[in-house]
J.: 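Before we start, here is the structure in question, set down as structure tokens.
When a ligand or atom number is given, it counts from 1 through the structure's own listing order. Values below: all heavy atoms of this structure, side chains included; hydrogens, waters and symmetry mates excluded. Throughout, residue positions are numbered sequentially from 1 according to the sequence presented. Here the structure is a predicted model, which means the values were calculated and not measured.
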Amino acid sequence: MLSEEYFKRCLKVAPGGVHSPVRAFQAVGGTPVFFKEAKGAYLTSVEGDKYLDFCQSFGPLILGHRDDEVQAEVMRMIDTMWTSGTCESYSLELAEWITEHVPFVEKLRFVSSGTEAVMSALRVARAATGRDKIVKFEGCYHGHVDSLLVKAGSGLASGGSAASSAGVAKSTAEQTLVTPLDDIEAYIQVLDKNKNDIAAVILEPLPANFGLLEQKEEFLQAVVAEAKKRDILIIFDEVISGFRTALGGMAQRLCLTPDLVTYGKVIGGGFPVGCYGGKKEYMDLVAPMGPVYQAGTLSANPVGMVAGLTTLKKAKHENIWPKFHERTAKFQKEFNSWSTDQGYDMRLKTYGSLFWFAEHAGTIRTTDQISPKHGERFKHFFKSLLGQKLYLAPNGFEIGFMGNAHTPEIMDEALEKFKKATVAVNESKI
Ligand SMILES: *Cc1c(COP(=O)(O)O)cnc(C)c1O
């Protein structure tokens with residue numbers, strides 16, 4: 001097995017053999033499959049097997065792997081310019097397209113990852129308000145920036161919370177206040193107790209990094225309104241949901257306007273691009289206009305810029321969003337009625353092109369509503385799917401991504417595989 005040989009070598013040169021922990025098979029067991037090629041909805045392993053891919057690099061590939069139109073523009077840019085460290089017009093085109101289509105983004109700055117976008121947006125919020133504390137919600141992920149690698153302590157209104165990563169300074173973690181999702185009372189309490197210290201509230205308007213925790217619209221409206229009432233900035237982290245749940249992301253879906261927004265994933269069409277933006281008065285605080293320093297050698301990389309722009313233009317031209325919704329809704333209806341008929345408790349949750357399997361008939365809105373057996377059961381689910389040559393992210397708390405390359409025929413084929421995997425979970429008796 002080539003994958004096993006590669007993995008042995010990787011273990012010697014990289015921690016855990018990987019360059020991002022979410023790629024490891026720690027949560028599911030076994031050796032990671034190594035892939036050598038990707039096209040559309042499929043990945044090809046180093047052994048030469050073709051896998052139907054619903055990980056899709058964790059979200060950037062809204063048109064699937066190496067879409068023909070995107071590839072053509074990327075190849076053109078490869079023959080034109082790689083990086084220059086100068087002014088150029090390629091980032092201008094993407095910036096104009098975004099500011100034109102997402103009206104509350106009056107100005108923006110490109111960076112190279114979602115983490116960088118979030119880190120910079122927090123800095124702007126602190127500079128704009130002269131306050132230090134940030135409120136985040138339990139179960140929301142905002143990249144690996146120190147101050148947001150924090151989970152809820154039980155005393156959520158009591159100030160600093162325990163960091164969920166080693167190496168984060170206590171004084172940094174103390175700047176982050178964590179409050180549960182779907183609990184407006186707890187949130188208001190945190191705001192009231194700390195109202196003169198809070199710079200911003202950051203949230204994933206569609207939490208999608210700890211399963212898919214769709215929130216009530218009234219909750220999200222109240223989160224925004226209560227912050228605005230107290231002159232606290234609202235940052236929507238739309239690194240996953242931006243351009244994927246709608247052209248204008250969750251802000252558009254919910255008709256809510258954040259002060260600042262962060263994008264990543266889809267915006268680079270498969271290349272390392274992130275972005276933060278929002279109201280002009282805040283973005284003008286960024287250097288060289290203002291006192292907030294933020295820079296990047298490879299920022300607004302031309303290859304990423306054309307990949308992103310071509311992806312977004314094509315998505316808009318083909319109006320992919322209702323199509324996504326239709327495909328997953330059918331998929332969900334068929335799977336859930338089958339699972340119910342079988343007497344199984346596994347249900348498919350979806351939001352547009354995002355999906356997640358969990359043991360719960362209703363909507364799961366908080367992490368503590370997830371079955372304690374989910375992780376163990378997912379191992380069997382994942383193993384069965386991998387055996388059927390279907391690749392999901394190797395962790396039961398990651399969601400699945402479909403895209404334009406996942407045709408209705410492919411979705412039908414996937415449905416049968418997911419049914420088989422559900423049978424395997426039930427046979428495991430966990
Ligand atoms: C992926 C993600 C990030 C981090 O982006 P990277 O490009 O991995 O640094 C931040 N926030 C959310 C909501 C994400 O899904």
J.: For Tyr351, what residues pass the side chain to side chain donor-acceptor pair (under 3.5 Å) criterion, not counting sequence neighbours?
T.: Arg253

J.: How about Phe110 and Ile98: do any of their side-chain heavy atoms sit closer than 4.5 Å?
T.: yes

J.: Going by side chain to side chain donor-acceptor pair (under 3.5 Å), name the residues that satisfy it together with Asp183, two or more places apart in sequence or in a different chain.
T.: none

J.: What side-chain donor-acceptor pairs closer than 3.5 Å can you find for residues 269-292, not counting sequence neighbours?
T.:
residue: Tyr276; atom: OH; partner: Gln294; partner atom: OE1; Å: 2.8
residue: Lys279; atom: NZ; partner: Asp259; partner atom: OD1; Å: 2.7
residue: Asp284; atom: OD1; partner: Lys107; partner atom: NZ; Å: 2.7

J.: With hydrogens left out, which residues have an atom under 4.0 Å from ligand 1, given that only heavy atoms count?
T.: Ser113, Gly114, Thr115, Tyr141, His142, Gly143, Glu204, Asn209, Asp237, Val239, Ile240, Lys265

J.: Rounded at 0.5 Å granularity, tell me how far CZ in Phe236 sits from CD1 in Ile234.
T.: 6.5 Å

J.: Considering only heavy atoms from C-beta outward, does the side chain of Glu238 approach that of Ser241 to under 4.5 Å?
T.: yes

